[in-house]
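Numbering of residues begins at 1 and proceeds along the displayed sequence. What you see is a predicted model; the values in this text were computed from it and never measured. Order of listing sets the numbers, starting from 1, for every ligand and every atom in it.
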Amino acid sequence: MTRLALQHNAINLSQGFPDFPAPAEVKRAAQQAIEADVNQYAITWGAKAFREAIAAKYARVQGLAVDPEREITVCCGATEAMISSMMAIVNPGDEVVVFEPFYENYGPDAILSGAIPRFVKLQPPDWSFDPAELAAAFGPATKAIILNTPNNPTGKVFTRGELDAIRDLCVRWDAFSISDEIYEHLLYDGAEHISMATLEGMRERAITISALSKTYTVTGWRVGWAIAAPEVTAAIRKVHDFLTVGAAAPLQAAGAVALQLPESYYEGLARDYAARRERMLGILERAGFRCFRPRGAYYIMTDIAAFGFRDDVDFAKYLVREIGIAAVPGSSFYNDPADGRTHLRFAFCKKESTFQAAEERFAKLRRG
Ligand SMILES: Cc1ncc(COP(=O)(O)O)c(C=O)c1O
């Protein structure tokens, strides 16, 4: 959709990258690191100062004690942290439980690591799951469950009760949770982010993944991490070493500065995103979309049935070509495309001038 947006000179509300600047102190730290010649390979599993900053932040925010020497692998974004983790623990034929709709990469990640995905539906409007359906997806072949909270594309934030139910199944079937928590600071309406690793019984079986990308507005830097128990980390580090050797050294140095930003930074971030969410909800609702109000992350899932198009792909093509707005067809988040036929996802990590332009263009849109 980003390519189509460029081709049609459309406003890109598809891919999840902000169009506003990163924090000045974080950019300055990267400039200073390059100037100071932090330009050669870092330790393959991550620069010491950066790993220590990651551990300090988890202790501060989640109350989680992480050993920076034995439990952290710095990767090229959450993307690499996820595939490295999957390849580290999955043997061909192992099953991996995946909530659906899911962030697109998890499907290919399962294929590349030889895992057989078992999908469990998150049901609108609140994207809750049926505990019986989840329990039925687990069994002796289950190696892991992939969890993404706050969730892309739905904006769901898993509750403690839901996480407890997942934990019980992981313990019962001796399975890992691989928890993608990249939107951990983007929370609305009092929603609380609970890291799976903090639940009793999960410390040894949780792999926690996050990144600088979304929290510090630097999706192009490609710096993320996986946190796991020492034995699991040893395996992740091996895969990571042979896949990429390491993440950009000067950007890890800047990451250490970013992770030490004061609490007020995260409060401001969540406040600004809450305002963007309201702005985008208003625009979409006035344009005739039924919106599923997100409690976290920076996307709005919509229902497009009112527009009378054959499916989501047809409507997305019409929007990008005729209205000049790019969004992601819902089918790309489902194993069976038919399940996403009535959905379209919009990203709201955008500046006010982008919202204004989108609002003007949506004025041309008519319901079918
Ligand atoms: C749930 C989720 N995980 C991971 C990523 C990618 O993270 P990174 O840019 O750190 O590789 C995204 C990007 O949209 C995402 O939505």
**OP:** State whether a side-chain donor-acceptor pair under 3.5 Å links Tyr183 with Asn148.
**Re:** no
Subject >> Residue portion contacting ligand 1 (non-hydrogen atoms closer than 4.0 Å) for Gln15 >> reply: neither
**OP:** Before signing off on this row, confirm whether Asn152 and ligand 1 have an N or O atom pair separated by under 3.5 Å.
**Re:** yes
Subject >> Location of contacts on Trp221 toward ligand 1, heavy atoms closer than 4.0 Å >> reply: neither
Original post:
Based purely on interatomic distance, does Tyr106 place a nitrogen or oxygen under 3.5 Å from a nitrogen or oxygen of ligand 1?
Top reply: no
Subject >> Side chain, backbone, both or neither: Phe102 near ligand 1, heavy atoms under 4.0 Å >> reply: neither
Original post:
What protein heavy atom sits nearest atom 14 (O) of ligand 1, and how far off is it?
Top reply: Lys214 NZ, 2.8 Å
Subject >> Heavy-atom nearest neighbour of atom 16 (O) of ligand 1 within options Tyr183, Phe17, Tyr299 >> reply: Tyr183
**OP:** Answer yes or no: are there more than 12 heavy-atom neighbours, outside Arg3 itself, under 6.0 Å from its atom CZ?
**Re:** no
Original post:
Starting from atom 5 (C) of ligand 1, which protein heavy atom do you reach first, and at what distance in Å?
Top reply: Tyr103 OH, 3.4 Å
Subject >> Quiz item: cation-pi between Lys156 and Phe99, 6.0 Å / 45° >> reply: no
**OP:** Answer yes if the ring centres of Tyr265 and Tyr216 are under 6.0 angstrom apart, and no otherwise.
**Re:** yes
**OP:** May I ask you to check whether Tyr299 and Phe346 place their ring centres under 6.0 Å from each other?
**Re:** no
Original post:
If you measure from each non-hydrogen atom of Thr79 to ligand 1, which part falls under 4.0 Å: side chain, backbone, both or neither?
Top reply: both
Subject >> Contacting atoms of ligand 1, where contact means under 4.0 angstrom from a heavy atom of Ala211 >> reply: 10 (O)
**OP:** Group every Ile, Leu, Val, Met, Phe, Trp and Tyr by side-chain heavy-atom contacts under 4.5 Å, then state whether Met280 and Phe289 land in the same group.
**Re:** yes
Original post:
Backbone or side chain, does any N or O of Val223 fall under 3.5 Å from an N or O of ligand 1?
Top reply: no
Original post:
Under 4.0 Å from any heavy atom of Asn148, which atoms of ligand 1 are there?
Top reply: 1 (C)
Original post:
How far is atom 2 (C) of ligand 1 from its nearest protein heavy atom, and which residue and atom is that?
Top reply: Asp180 OD2, 3.4 Å
Subject >> Heavy-atom nearest neighbour in the protein, as seen from atom 7 (O) of ligand 1, with distance rounded to 0.1 Å >> reply: Ile182 CD1, 3.2 Å
**OP:** Indicate, with yes or no, if the rings of His343 and Phe333 have centres closer together than 6.0 Å.
**Re:** no
Subject >> Donor-acceptor side-chain pairing of Ser14 and Asn12 below 3.5 angstrom >> reply: yes
Original post:
Crowded around Lys317 NZ? As in, over 12 foreign heavy atoms under 6.0 Å?
Top reply: no
Original post:
At under 4.0 Å between heavy atoms, which part of Ser213 makes contact with ligand 1: side chain, backbone, both or neither?
Top reply: side chain
Subject >> Arg222 and ligand 1 - part of the residue with a heavy-atom distance under 4.0 Å >> reply: side chain
**OP:** Would you give the length of the straight line joining atom CD1 of Ile146 to atom CZ of Phe102, rounded to the nearest 0.5 angstrom?
**Re:** 9.5 Å
Original post:
With a 3.5 Å cut-off and no angle check, do the side chains of Glu184 and Ser195 form a donor-acceptor pair?
Top reply: no
Subject >> Numbered atoms of ligand 1 (with element) below 4.0 Å of Gly77, judged on heavy atoms >> reply: 10 (O), 11 (O)
